[in-house]
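Below, read A as the first sequence line, B as the second, and so on, with proteins coming before strands; counting in each chain starts at 1.
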Amino acid sequence: MKILSWLKDNLFSTWYNTLLTVLALGFVYFLSKGILVWAFTDANWDVIPANLQLFSVGAYPRSEIWRVWVVLYTVCALLGLSGGIWGGLPFRFAIGIGSVGFVCALLPLFEWATRGWIFGNVALLGAFLVLGVNVRGLVSKMRPWILGAWLLSFPWTLIMLRGFGENSVLTTNWGGLLLTLILAAVGIVFCFPLGVLLALGRRSSFPAVKWVSTAYIELVRGVPLITILFMAQIMIPIFMPNVRLDKVLRAMLGITFFSAAYMAENVRGGLQAIPKGQYEAAHALGLNYPLTTLFIILPQALRSVIPAIVGQFIALFKDTSLVTIVGLLDLLGIAKTVIANPDWLGLQAEVYLFVAVIYFVFSYSMSYVSQKIETALGVGKT
Amino acid sequence: MDHLENAPNDPIIVCEDVHKWFDDFHVLKGITTSFQKGEKAVICGPSGSGKSTFIRTLNRLEEHQRGTIIVDGVELSDDLRNINLIRQEVGMVFQQFNLFPHLTNLQNITLGPIRVRKMTKSEAEEIALSLLERVDIVDQAYKYPSEISGGQQQRVAIARALAMEPKIMLFDEPTSALDPEMITEVLDVMRELARSGMTMLVVTHEMGFAREVADRILFFDEGAIVEDAAPANFFDNPQHERTKLFISQTLQH
Ligand SMILES: Nc1ncnc2c1ncn2[C@@H]1O[C@H](COP(=O)(O)OP(=O)(O)OP(=O)(O)O)[C@@H](O)[C@H]1O
Ligand SMILES: [Mg+2]
């Protein structure tokens, strides 16, 4: 009954509302019918499980796959610990990831060994979650340590994946979703502080700082990412012949420096919205510039531009697919190689749809988390 | 300015020929005056006469271009160390409260003591709670500024300034943004503060408050002090035409 009255109130309240509803439903039916019929009848989905490892890690050698698992275990442990100690949103996030992992481990999508690894991950996450909840009250000042551990997990991940000596895995073999996620994570984590600094620089009262920041932002925003990626691959070796930078590292630098310029403009929007009275009140208390910026201005400025910042992160995540152009095989790059494989000829639609779904799942998760953060921070906002 | 000669000569603020321009607009045209320790001075005058600008130069929210200002023995100059030193000695309360909306009322008050005075969190909270008690709103400590009334916000702002244990308090029209029924609660807090012996400079149009609390009333017009007298003389025997006009206008309503 409730559903019926909801339908009546929201979809069929007037004749033109009814018309719109019918038209919209027709449109959705028209669109999805074709896709659904195709997906369940014609489509040949064998291509996905057969290439699952390629999609996940690219050409990463099978004998060294354990390194990827070690990294995942580290992340899961940290995630569990953070969720346990913080509670609230991080807690629910950890639970969410754990549940997804658990379901994946149950479904017969993967080989037995893989399902075992995933199950181990879920167990570890759960264990650390419980640990975190229990140490929450005991140890004070845990949070800065956890944040530090997250930061350290970056070099740890890169070193772990790369390895040393004869068993090391060249970054040219990194690929698939693994490469996409690493590029995105590095880009997001480093473009953010850089963007904040550039935004502050652009508003600085020191002319030199101001002009350098402004020039950087405007220059980078005036050039497409592809150009910057090309420049990072081709120009750096020309200008600095003695510096031999890793190809993946160059892509990371390109993505980070590119996104930082956009991040700076987003943050600047937030800074501009802060009333002058906030600076005056802070100064009147004797807070100097760094303290005022850190404790008064940035917390307010950033929270007002969370949607823009997350939008920027999502764009960055999707833009990592451009690295195929400089010869890296990220998720999209791998998809192309799979399609080019004579064994799987003519399966573009299946492969691209699969890749699109993966991108969507990650992008939408970011968007969802951002909405939750906004609501959580909504308290005390004027 | 004859009463100055009778007062104990222990000035905490000394202004010598202070001038300020906004671009080529001359806002302060040679302010020379001093304020004694514990003195309560009310500053009034027509809109745009430079009252706010004047008290804001005293903690360097505005920079003066000529003359000297000495606060508690320290001259205000470009030296950032002096500026931050003076700002710790001088509390300020604004017309628009300017509380930090992302912090609770308690955190608004503890921020300065923790970050500037390097107190521990528990010390600072203890002080903050006793100040909130003093301004009569302890029960609002864990709310955000947006969740309390204007009068309550202004009292939090006063507590925030007091938490730095300043020697001087500046008030820039502290009740002008408040609904009439909330003005009294803020003025009561200021009266109590005056009784405690705080040095206070108050820009206000509340003439009742001025008559009752002030040791001295300064009348500003077009960037200069035109009248500077004890309240009795100021209201009953003003010397200048501008002052007479102002008093007759303000006392009408
Ligand atoms: N930042 C500024 N830039 C330019 N002009 C300013 C600035 N601040 C104030 N003024 C001008 O300086 C003059 C004095 O301003 P001030 O705020 O000191 O006046 P006031 O006496 O406090 O007036 P009110 O009673 O309206 O608050 C005004 O004409 C004002 O327009
Ligand atoms: Mg004013």
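- By the neighbour-count criterion of 12 heavy atoms within 6.0 Å, atom CD of B:Glu192 is densely surrounded, having more than that number from other residues, nucleotides or ligands.
- Atom CG of A:Leu285 is separated from atom CZ of B:Arg160 by 5.5 Å, given to the nearest 0.5 angstrom.
- Nearest approach of A:Ala284 to B:Phe94, heavy atoms of both residues: CB-CZ, 4.1 Å.
- Of the listed residues B:Arg115, B:Gln88, B:Met164, the one with more heavy-atom pairs under 4.5 angstrom with chain A than any other is B:Arg115.
- When heavy atoms are compared at a cutoff of 4.5 Å, B:Leu99 approaches chain A solely by way of its backbone atoms N, CA, C and O.
- Around CH2 of A:Trp211, the count of heavy atoms belonging to other residues, nucleotides or ligands within 6.0 Å does not exceed 12.
- The CZ atom of B:Arg87 sits 10.0 Å away from the CG atom of A:Asn288 when rounded to the nearest 0.5 Å.
- Distance check: A:Glu280 CD to B:Glu62 CD gives 7.0 Å after rounding to the nearest 0.5 Å.
- Between the CG atom in B:Leu80 and the OH atom in A:Tyr289 there is a gap of 13.0 Å [rounded to 0.5 Å].
- With a 6.0 Å radius and a threshold of 12 heavy atoms from other residues, nucleotides or ligands, A:Phe93 has its CZ atom at or below the threshold.
- Heavy atoms of other residues, nucleotides or ligands lying less than 6.0 angstrom from CH2 of A:Trp156 number 12 at most.
- Residue contact with chain A, scored on non-hydrogen atoms closer than 4.5 Å, is absent for B:Arg60.
- For the atom pair NE2 (B:His102) and CD1 (A:Ile297), the distance works out to 8.0 Å, reported to the nearest 0.5 Å.
- Around atom CZ of A:Phe154, more than 12 heavy atoms belonging to other residues, nucleotides or ligands sit under 6.0 Å away.
- Both the backbone and the side chain of B:Phe100 come within less than 4.5 Å of a heavy atom of chain A.
- Summarising the local packing, CZ of A:Phe206 is surrounded by 12 or fewer heavy atoms from other residues, nucleotides or ligands at distances under 6.0 Å.
- Here B:Asn98 contributes atom CG and A:Ile296 contributes atom CD1; the two are 11.0 Å apart, rounded to the nearest 0.5 Å.
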